[in-house]
Structures are given as structure tokens and as C-alpha cells.
2 protein chains.
Amino acid sequence: MIDRSARRKQIPEPTIARLPIYQRITTELLRGGQTTVSSDQLGRLAGVTAAKVRKDLSSIGSLGTRGSGYDAAALVAGIAATMGAGETWRVAIVGVGNLGRALINTRGFLTRSYNLAALIDSSPDLIGTTVAGVAVQGVEEAAASLDEPIDIGILTLPAHAAQTAADQLIGLGAHSILNFAPAVLSCPPEVRVRYVDLSIELQVLSHYARSAEAGRGGLLSSVGIQPTTAPGSADARGAARRS
Amino acid sequence: MIDRSARRKQIPEPTIARLPIYQRITTELLRGGQTTVSSDQLGRLAGVTAAKVRKDLSSIGSLGTRGSGYDAAALVAGIAATMGAGETWRVAIVGVGNLGRALINTRGFLTRSYNLAALIDSSPDLIGTTVAGVAVQGVEEAAASLDEPIDIGILTLPAHAAQTAADQLIGLGAHSILNFAPAVLSCPPEVRVRYVDLSIELQVLSHYARSAEAGRGGLLSSVGIQPTTAPGSADARGAARRS
DNA sequence: CAATGTGAACAGTTTCACAGCT
DNA sequence: AGCTGTGAAACTGTTCACATTG
């Protein structure tokens, strides 16, 4: 057994989630004719510190040139490589309600890299209809007609049906699940689940709105603690303060 | 000035995001006739460790009873109080396309606590139409007709229009923004922004799917490192392993 | 000289272990 | 005896500062 797992050290998850942002911004800059980006500019546009940009980018290899910055095209390609673009992922969506249909039709969600391999729903009213050129099937039907396993499953259905559907997706080969249902899934550890819980997002905002409200007659959370950036949320924030 | 800001110490953001999960689960248990929950059970159902549950809940006050657990009803009420439920938040949605409409119609997203105060879009085709009983307006129109400021703004529009819309929402009073557009917003620090970037979610999953694929002929990321739980994602994961 | 890459300090969360109630 | 509440330890990610390099 030689070295294997050469990828330097496993990239931290927050970094993984920021890479597509850098990629998007850099692509935009490229389109504007810019051929090189500095960590400073990238940070400003992404709402993070320049140091974070450098740490993040260094984890995918040394793509920058000291003194001048990162080559925009190389950067985009480098991020694409780490993110697994280039490959085409077979996606199945379970739940063809409002949200499912909206996702399918949202430009920029299912790009070239994602192939809608199956559209699954349990409602007899929907089975047999076609959305975006793909026929809606029941689970058994889908299982029978799929010749290759799927890679990614998306759950856009009510909470009570989520666990069953997740199990079925795993049965169809999914190793990754994007779950929009407000339910915690119990899956084997090799299956990666990401939760997008819209009602939780609103509730988190409510909580802070509540604090802000209280703050109106007292302390404002962001006054004068840090001279540079507000302590703020965990992720990207308003950039462009000074310079 | 007496004490003020009595809330023990400011609850960490990851905790804030988990509280609604505990609340949801406990509500469900209550409905099933259970009057008391242990951190262990709650953890199992929420896909987190019992210790984390206890730390999380301790940050909103001592609601548990040693020896028997948490009173389910009191727990739900306690979480509701910290999350700012009970109040009604005025929400404006900008962008009445697929996603905007889907959110409005998704049961469980805009609950009693959220009042859809304005529906804004720039398209003349949409202005004047009605969605879920609310008329779609242009921005100026909405600004003129609103008598009270809004609390929360939701952006469901293309990236290129996001910053302008965010500025307008802030102009309408928003201190919290939920941004679905794939764009980083630049907002004053007192405005709390949460990003839900669907294409990034898919890309993150792709990245891990890619690793898993490579792993098929080599190491499986979750083998034998931790005897208890897999290192897994940052948030809730498959629970119910033993016990 | 400008801007990257990175070790070291720092900060925020999670996990552990156990004292303290009931 | 059972289960919470919480300091202390461990860990993970961020920020800092600076040596390094084109």
C-alpha cells in the first residue's frame, strides 16, 4: 500500500462550502476580462477576510503566484476539479410538489453537471405527468427502470414521508442526500446528508430580529466591540467596509 | 440601568439552529402522549449527542429535572420563548418566480408567526396578480402601501438583482434577510443575512460523492476512526445506532 | 515590493466526566 | 438510581503575523 489519500489532509467542510463562492466570483471577473485575482479582492467580494481566502485556496494546492495573485482561469479550474465538476451526477428527486417543481425549474440549480435521472412521487395524480421533460414515476417503477445507480437524492416532500423516501433513495444507490423535509434522517454513516430546513432559517432570523428589537432600547449588538468586522454570523457577511 | 441583557451569555448560533429541531421533536412526542423527555432520547431523535442536547438546553435556562428529564410542555414553551415565537413577524418576499411561489405555498414555512406583508416583483406580468391572497406589487408601490416596517425580507430572485433588492428591503425596515439568490450581499452589520444557496448544497454533495467514489477502491471515509459516531457532517446525522 | 502560503495564537464548539439534585 | 447541569479538556476553524517568493 503506497501513499494513497494523497489529498493533502482533507479539506474542512466550511472551506468546501466557500469554494463555489470563490469560483462563481472569479468566473464573473474572468467574464469581465480580468485574468488575475488577489485574495484581498476575492475576500472583499465574497464577504470574508483575505486570510481566510488564502487558507481556503491553499488547501486545494498552491494555485497563486506571490506578488501578483491567483490566475483566474486556473483558479476556476482548480476549484472545479476539487468540487467534482466535470463529472455528471445522476440525481433523483422525491416529491414533485411546489418545492420540487420549483427546484427543477430554477435556473442554476440543476446545471450540466446534474442529470435528472428520476422524478419520484407517490401521488397517482402526478405519476405519468411530465416535468421538465422527465416523467414522474412511483418508486417501484423508478427502481425498475433505472439501469444505473443514482448518486444524489433530493427530498422535497412532507416530513412524515422523508425517512421512507431516504431509505428508498439509498436503495437506488444514493450516497448523498439533500433533504428539504423538516425531519432528521437516520442513515448509514457512509451516506452524506445535508439539511436545508427553511422553517429553521426563518426561526433563526426571528430570534435575532427579537434581539435587535430588544436592542432598540438598549445595546445594539454590533457597536464598537470589534474595530474591524462585526462579530456577525458564521458565514459570509457584508463585505466592502473600507478599501 | 439595572441588569439588562439578562440572557445568560448569548446563545451560540449552532445551538440556536438546533433548538427548533428539539422543539419539533418534543412537540411530536407530546402529541404522542409523552410528558417528559430525556436528553438521551432527544439526542437520539435529533441525531446529536445527549451531552450536546444538555448544553444546548442549559443555555436557555434550567428547564430539566434531574433524575427524570425535561418536561415536554415546558421545553416546547421555553424554546418558543427564546426563538421569538409568539410574536408575529412581518415578512416581505422579493421575487415571485418558481421558488418564491413554492415557498409561499409550502406548508410549514410561513406559519402563524409570519405575516406576509408584501410580495414584490419587478415583472409587469406578475404585478397585479395575487398569490396566496396577497397582491404582487412593484417596489415603489409596496413602499407606499406599507404603513409599518417589515421585519424579515426573503430574496428569491436571480443573482444580478439581489443586491438592489436587499437594499430596498433594508429600506423597508428589514433587519433580517433570507437570501436564496446565489450572490453575496453587502449589508450594514446590524442586518442579519442568512444564505440558502441551493447550487452550493449540490456542489458540496458532489464533492463528497466524488470522494466516496474514489473510496470505493480504497478507504471508506468512515471506517474505524471513531468507535462511536462517524466524523460526519457538521450537523445532525443518522442517529439511533445502539441503545 | 506586493501578495501568497503557513506556523502559531486565538476563538468558538463539542465532548468528556462527574458533581449535584430529585 | 437516574439524569441534568457544567467546568475542563479536546478539537476544529479563524485570525494574525511574517517569512518567502516571483
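In the text below, chain A, chain B and the rest are named by the order of the sequence lines, each starting its count at 1.
Checking A:T15 against B:S68, the closest nucleotide of DNA chain D that is more toward the 5' end is the one next to B:S68. Along DNA chain D, the nucleotide closest to B:S39 and the one closest to B:K55 are compared, and the more 5′ of them pairs with B:S39.
At a threshold of 4.0 angstrom between heavy atoms, the contacts of B:L42 with the nucleic acid are absent.
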*Yes or no on salt bridge (Lys or Arg N to Asp or Glu O under 4.0 Å) for B:R44 and B:D40, after CA distance, side-chain angles and deciding distance?*
CA-CA 6 Å; B:R44 212 163 337 106; B:D40 191 70; 2.9 Å; yes
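The distance from atom CG of B:D71 to atom P of D:dC3 is 16 Å, rounded to the nearest whole Å. One interatomic measurement links the two molecules: CZ of A:R44 to C1' of C:dA3, which rounds to 13 Å at whole-angstrom precision. For the pair A:D40 CG and C:dA2 P, the interatomic distance rounds to 13 Å; values are reported in whole Å. Rounded to whole Å, atom C1' of C:dT14 lies 10 Å from atom CG of B:D56. Atom C1' of nucleotide C:dG12 and atom CD of B:E13 are separated by 12 Å, given to the nearest angstrom. Regarding A:I11, its CD1 atom lies at a distance of 14 Å from the P atom of C:dT6, rounded to whole Å. In this structure, A:R18 places its CZ atom 12 Å from C1' of D:dT15, rounding to the nearest Å. One atom, CZ of A:R54, and another, P of C:dA2, lie 15 Å apart when rounded to the nearest Å.
Using modelled atom types, one finds a donor on one side chain and an acceptor on the other under 3.5 Å when comparing A:S39 with A:R54. Defined by atom type and a distance below 3.5 Å, a donor-acceptor pair is present between the side-chain atoms of A:S199 and A:D197.
Between the base of D:dT21 and the side chain of A:R66 there is no donor-acceptor pair shorter than 3.5 Å.
Residue B:S38 has its side chain nearest to D:dT4 when only D:dT4, C:dG5, D:dG22 are considered.
Listed pair B:Y70 / D:dG5 meets the phosphate criterion, a side-chain N or O lying under 4.0 Å from OP1 or OP2. Using a 4.0 Å cut-off, no side-chain N or O of B:T65 falls inside it from OP1 or OP2 of C:dT22. In terms of phosphate contacts, A:K52 brings no side-chain nitrogen or oxygen within less than 4.0 Å of OP1 or OP2 of D:dG13.
Rounding to the nearest 0.5 angstrom, the gap separating the CG atom in A:L42 from the CZ atom in A:R18 is 11.5 Å.
Applying the side chain to side chain contact (heavy atoms under 4.5 Å, CB included) test to A:A161 and every residue at least two apart in sequence or in another chain returns A:L157.
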